[in-house]
Amino acid sequence: MRVLVTGGAGYIGSHTCVDLLLAGHEVIVVDSLINSREESIRRIEEITGRKLFFHKVDLLDQEPLEAVFQESRIDAVIHFAGLKAVGESVIMPLQYYKNNIIGSLVLFEVMMHHGVRNLVFSSSATVYGDPASLPITEDFPLQASNPYGWGKVMLEQILRDLCQADPEMNIALLRYFNPVGAHPSGRIGEDPKGIPNNLVPYIAQVAVGKLSELQVFGNDYPTPDGTGVRDYIHVMDLASGHMKALEKLDTNPGLVTYNLGTGKGCSVLEMVNAFAEAAEKKIPYRIVARRPGDIASCYADASKAEKELSWRATRDIHAMCEDTWRWQSMNPNGYEE
Ligand code: NAD
Ligand code: WQD
């Protein structure tokens, strides 16, 4: 299959490209590099021993995007491209809506022009907001509390409307829980710009000595140890979820929605301890106030994906920490030389 991957130079996209190439697919990446580096593309090729086609194109620029579709017949699109920092989206909502919504609309329009009707979309557990109960199933009500999250809710609706209007469309909405980890080679991984917002990249930078200590945001939540609980999922498990979703689209299912998570909750302190074990280092931390907007607990019911995609996450917290540590220690400055 010839697959166009938007945002393929980024964190989840790069790991998915590895699986796509190893499965024998032809891969075309479109990325503006606004939050990534071309070095990741080189490393995908190094890991797989295969060539991929890279175009530095911003989805907001319709003409060059049309040219990519014109050049070769594309069978399916996996759409990762987007800005993803929740806090930043609160400060600059217009940039987020423009990049994420308009960029996606341009992509969908170009797909329509060229008769490309199979799409996998990166959604997020953020569309569940603060869920009324746990675990979360796909039929929970959708809500959001920041522009980033609203963008995902809106794009999901746009895609449901698109499927309604065109019964030939096949779309998989994949709601990721908390992606962490790296390729086991240590050659590709998450490379946040500036100080990381997310827990695991932050811990990794403390472990490698770039940051002095972790701030644990609150230990008074109604959870077993008082710290926030999340469903962390290894990025290679996510990558394999995308492969399964592509296979599913080949059966003409229309629009399908799946949680991609492990189904298991892990607290901040459990993650700190697992990372300390993997890195064989103490991770200094300090308990501070709750972070505004955080919820106590969030984890998936991932049984729908298991039943309908024959997909299940297989890597545990220890593998997540070991692979993150291998990437961070081999590349203390990420992809920067
Ligand atoms: P990432 O920032 O590493 O990758 C996104 C890529 O998209 C980057 O390479 C960036 O340069 C590119 N991009 C952004 N805007 C673009 C545009 N207008 N045109 C072309 N390229 C553009 O992020 P990621 O963690 O790999 O996330 C991938 C997708 O998964 C995003 O849509 C994100 O919202 C979603 N998601 C991420 C998480 C997470 O915690 N990482 C969780 C749930 C959902
Ligand atoms: C995890 C836990 C924090 C940092 C975010 C987005 C969500 C999705 C995934 C895209 C929480 C605690 C964190 C730190 C801490 N992204 N923490 N100290 O908030 O669950 O989800 O990323 O769709 O939309 O909101 O992930 O990694 O930031 O936090 O104590 O320095 O770690 O309070 O309990 P979150 P996270």
Side-chain angles (χ1 to χ4, degrees), residues 5-16 29-38 40-41 55-61 64-65 78-87 89 95-96 98-104 106-107 121-129 144-146 148-149 151-152 155 174-180 188-193 195-203 205-206 211 213-219 221 223 227-233 235 238 242 260-261 265-269 271-272 285-299:
V5 181
T6 75
Y11 173 45
I12 306 170
S14 57
H15 291 79
T16 304
V29 167
V30 164
D31 198 303
S32 65
L33 302 180
I34 190 173
N35 196 40
S36 53
R37 289 172 189 270
E38 201 171 335
S40 68
I41 300 288
H55 301 271
K56 184 171 181 294
V57 168
D58 192 314
L59 293 184
L60 293 167
D61 296 336
L65 190 62
I78 308 183
H79 179 32
F80 292 105
L83 298 172
K84 63 162 179 178
V86 169
S89 80
Q95 284 93 325
Y96 266 69
K98 182 168 182 189
N99 190 74
N100 294 358
I101 308 258
I102 310 285
S104 298
V106 171
L107 171 71
F121 175 65
S122 295
S123 190
S124 165
T126 199
V127 300
Y128 297 117
S145 54
N146 55 69
Y148 168 76
K152 292 293 183 199
L155 283 167
L174 301 184
R175 296 179 179 154
Y176 316 151
F177 279 64
N178 286 56
V180 298
I188 58 171
E190 187 168 11
D191 181 17
K193 283 194 174 148
I195 297 187
N197 301 308
N198 298 111
L199 179 67
V200 171
Y202 200 106
I203 296 177
Q205 294 202 9
V206 171
L211 294 169
E213 65 172 11
L214 170 74
Q215 299 194 331
V216 174
F217 298 141
N219 66 349
Y221 284 108
T223 61
T227 65
V229 165
R230 297 291 182 274
D231 185 342
Y232 297 95
I233 175 165
V235 66
L238 271 189
H242 289 76
L260 295 186
C266 167
S267 76
V268 174
L269 291 182
M271 187 57 93
V272 168
Y285 70 85
R286 189 159 47 95
I287 309 287
V288 300
R290 292 181 179 191
R291 181 172 63 179
D294 271 357
I295 57 176
S297 294
C298 170
Y299 51 90

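Both ligands and their constituent atoms are indexed starting at 1 by order of listing. Bear in mind that the values here come from a model prediction, so they are computed numbers and not experimental data. Side-chain atoms are counted along with the backbone in the values below, which use heavy atoms only and exclude waters and symmetry mates.
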Under 3.5 Å: N/O of [X] near N/O of ligand 1:
{"X": "His79", "value": "no"}
{"X": "Ser32", "value": "yes"}
{"X": "Ala9", "value": "no"}
{"X": "Tyr148", "value": "yes"}
{"X": "Asn35", "value": "yes"}
{"X": "Ile34", "value": "yes"}
{"X": "Glu190", "value": "no"}
{"X": "Ile12", "value": "yes"}
{"X": "Leu59", "value": "yes"}

**OP:** Apply the test side-chain contact (heavy atoms from CB on, under 4.5 Å) to residues Val235 and Glu190: give CA-CA distance (whole Å), side-chain angles for both, the deciding distance (0.1 Å), then the verdict.
**Re:** CA-CA 10 Å; Val235 66; Glu190 187 168 11; over 6 Å; no
Original post:
Can you name the one residue among Arg290, Arg291, Arg286 that meets side-chain contact (heavy atoms from CB on, under 4.5 Å) with Val288?
Top reply: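 That would be Arg286; it is the only one of Arg290, Arg291, Arg286 passing the side-chain contact (heavy atoms from CB on, under 4.5 Å) with Val288.
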**OP:** Have a look at Val29 and tell me which of Ile78, Thr6, Val5 forms a side-chain contact (heavy atoms from CB on, under 4.5 Å) with it.
**Re:**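 For Val29, the side-chain contact (heavy atoms from CB on, under 4.5 Å) check succeeds only for Val5.
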At under 4.0 Å between heavy atoms, which part of [X] makes contact with ligand 2: side chain, backbone, both or neither?
{"X": "Leu214", "answer": "side chain"}
{"X": "Val268", "answer": "side chain"}
{"X": "Leu199", "answer": "both"}
{"X": "Gln215", "answer": "backbone"}
{"X": "Val200", "answer": "neither"}
{"X": "Tyr176", "answer": "neither"}

Quick one: look at [X] and ligand 1, take heavy-atom pairs under 4.0 Å, and tell me if it's side chain, backbone, both or neither.
{"X": "Val57", "answer": "backbone"}
{"X": "Ala125", "answer": "neither"}
{"X": "Leu33", "answer": "backbone"}

**OP:** Look only at interatomic distance and state if Ile295 has a nitrogen or oxygen under 3.5 Å from any nitrogen or oxygen of ligand 2.
**Re:**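 Not met; the criterion fails.
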Could you identify the single nearest non-hydrogen protein atom to [atom] and state the distance to 0.1 Å?
{"atom": "atom 19 (O) of ligand 2", "result": "Arg291 NH2, 2.9 Å"}
{"atom": "atom 33 (O) of ligand 2", "result": "Asp294 OD2, 2.5 Å"}
{"atom": "atom 5 (C) of ligand 1", "result": "Gly82 O, 3.8 Å"}
{"atom": "atom 21 (O) of ligand 2", "result": "Asn178 ND2, 3.7 Å"}

**OP:** Considering the heavy atoms of Thr126, write down every atom of ligand 2 situated less than 4.0 Å from one of them.
**Re:**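 Listed by number with element: 24 (O).
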Subject >> For Arg230, atoms of ligand 2 separated by under 4.0 Å from a heavy atom >> reply: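 What qualifies from ligand 2 is 1 (C), 11 (C), 20 (O), 34 (O), 35 (P).
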Original post:
Looking only at heavy atoms of Asp58, does any of them come nearer than 4.0 Å to an atom of ligand 1?
Top reply: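 Yes, Asp58 has heavy atoms under 4.0 Å from ligand 1.
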**OP:** Select the closest option to atom 10 (C) of ligand 1 among Asp31, Leu155, Asn99, Val106, judged by heavy-atom distance.
**Re:**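 It is Asp31 whose heavy atom sits nearest to atom 10 (C) of ligand 1.
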Original post:
Considering only heavy atoms, which of Tyr202, Tyr232, Phe217 lies nearest to atom 4 (C) of ligand 2?
Top reply: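 Ranked by closest heavy atom to atom 4 (C) of ligand 2, first place is Phe217.
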Original post:
Do the ring planes of Tyr96 and Tyr148 sit parallel (below 30°), tilted (30 to 60°) or perpendicular (above 60°)?
Top reply: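 Tyr96 vs Tyr148 ring planes: perpendicular.
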